[in-house]
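Numbering of ligands and ligand atoms starts at 1, following listing order. Being a predicted model, the structure only gives us computed values, none of them experimental.
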Amino acid sequence: MRAADQPRKRVVIVGAGFGGLSAARALARAPVDVTVVDRRNYHLFQPLLYQVAAAGLSPADIASPIRAILRRQANAAVILAKVTGIDAERREVIAGDRRIPYDFLVLATGAKHAYFGRDEWAAHAHGIKKIDDATALRRRILLAFEEAETEADPVERRRLLTFVVIGAGPTGVEMAGAIAELARKALAADFRAIDPRCARVLLVEAGPRVLPTFDARLSEAALRSLERLGVEIRLGTAVTACDEGGVTLGAERIEAGTLVWAAGVRASPAGRWLGAAMDRAGRVEVGPDLTVPGRPEIFVIGDTAHARDGDRPLPGIAPVAKQQGAYVARAIIARLAGGAVAPFRYRDYGSMATIGRKSAVAAFGRLRLSGFPAWILWGAAHVWFLIGFRNRLVVTLSWLWSYLTFERGTRLITGGDPEPRRRPALPAVLQAGTAPSASTGRSRAFETAMAD
Ligand SMILES: Cc1cc2nc3c(=O)[nH]c(=O)nc-3n(C[C@H](O)[C@H](O)[C@H](O)COP(=O)(O)OP(=O)(O)OC[C@H]3O[C@@H](n4cnc5c(N)ncnc54)[C@H](O)[C@@H]3O)c2cc1C
């Protein structure tokens, strides 16, 4: 049979995150049929999820339909399905009752939160990995202020207005800064019985510094920016319990209404589907060409893979996933042509994290930036990497608007009516005869209570 008469090879990509989409797009001109399988119908830009949780952006601003992204790619089809296993012998992806055959398989199914074996903490310490997580957290944060407004008991009110973020990597730092700014700026003038500026935001980190993967000078700059926003930082402090009422840090108890988990992730179950060797975080140990040992037709990339650059395990970040996706496409194209590619090498172009709406830290090679210039770079890079012109435009305008006005455009409490809380009678400060303070319009009684 001539090569032109042979059936085209089928490449199935599971996961349309950073890694999977990058692989699919890089195969656009390859003589293969690409099938992208995802349990969601959209690609999510996770680095900006915290802004959805902090009411800065709406979910649609950071997500794009997978079908629309691949609309013009004639060799690509999309299947909306949750993959539940792989039959590696028969070369089929299992999604419930459906079987999807492949010649090459790319597993790019990402990661989820991990609680270091304390899964019971998940009910209380809320992670952000999905849009639903972010909108649920937004609801929780905004409801805390609403409930505090009508709460009579000053101790309970203080608990409601205490927010603890666990883990001071980029997500934790960004989340703590965003909550502090929401309380101190966007909500500051909107309540009558409480002063949102008195909300307490704590960032707890077991290690010795915030942003541990950045160099010490940038960690220090980030710490100072957080302190300027009023975030209390506890370094070298491990969380020993999380429950409905708050968090325990060894001998110290902090009563808090909202706990945010930004301390650890665990890979998707792809390793279990394959019966492959995994590291402690459940990531599949892949070879230098990102294939599973003994299975040259199966690639695992992104947060689901444990890949190494020399001695160094590669971090679970978007650029690693994207570069791996592009590499896998090149490897497949080379193999179809009877060749091979050199082992995967990661090119580190730098890292960034933002603190609030006008400060960031950035490291590019030897260049170190902090403060506003770093924030401009951070903003430009994130807008650039967002998918879709609409999203880029909307996010840029939202940031400009919030920069100029401190407003947060998406302060929506979604997800149903507020559940009834066991609530005593209206607080004295809201009852007739209690004069609001002349300076702020809020009750003096409350200002005193919050200052305690
Ligand atoms: C809050 C947050 C902030 C972050 N900030 C940054 C940052 O600032 N910079 C940075 O570089 N990285 C950041 N990251 C990490 C970055 O987002 C990940 O490293 C990157 O998304 C990994 O890409 P991936 O393709 O491996 O997986 P993902 O992008 O997570 O994509 C996985 C895809 O697989 C799909 N999927 C999963 N399981 C199944 C299944 N069983 N069946 C079908 N489909 C499935 C999912 O729906 C998803 O679309 C952040 C992550 C989070 C959560």
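Residue pairs meeting the ring-ring contact (aromatic ring centres under 6.0 Å, His included) criterion with at least one member in residues 253-278, sequence neighbours excluded, are Tyr115-Trp261, Phe116-Trp261, Trp121-Trp261.
The backbone N or O of Ile94 sits less than 3.5 Å from a side-chain atom of Thr84, completing a donor-acceptor pair. Between the Arg308 side chain and the Asp311 main chain, a donor and an acceptor come within less than 3.5 Å of each other.
Between Arg283 and Asp279 a salt bridge is recorded (basic side-chain N to carboxylate O distance below 4.0 Å).
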Using residues 356-369 as the side-chain source, report each donor-acceptor pair under 3.5 Å to any protein atom, sequence neighbours left out, with the distance given to one decimal.
residue	atom	partner	partner atom	Å
Arg357	NE	Ser402	O	3.3
Arg357	NE	Tyr403	O	3.4
Arg357	NH2	Tyr403	O	3.0
Ser359	OG	Ser225	OG	3.0
Arg368	NE	Asp215	OD2	2.3
Arg368	NH1	Gly365	O	2.7

Using distance only, find each side-chain donor-acceptor pair of residues 54-66 under 3.5 Å and give its atom names and separation, not counting sequence neighbours.
residue	atom	partner	partner atom	Å
Ser58	OG	Ala60	N	3.4
Asp61	OD2	Ser58	N	3.1
Ser64	OG	Ile387	O	3.2
Ser64	OG	Asn391	ND2	3.4

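Annotation: ligand 1 has protein neighbours Gly15, Ala16, Gly17, Phe18, Gly19, Asp38, Arg39, Arg40, Gln46, Pro47, Ala81, Lys82, Val83, Ala108, Thr109, Gly110, Ile128, Lys129, Thr171, Trp273, Gly302, Asp303, Gly316, Ile317, Ala318, Pro319, Ala321, each with a heavy atom less than 4.0 angstrom from the ligand.
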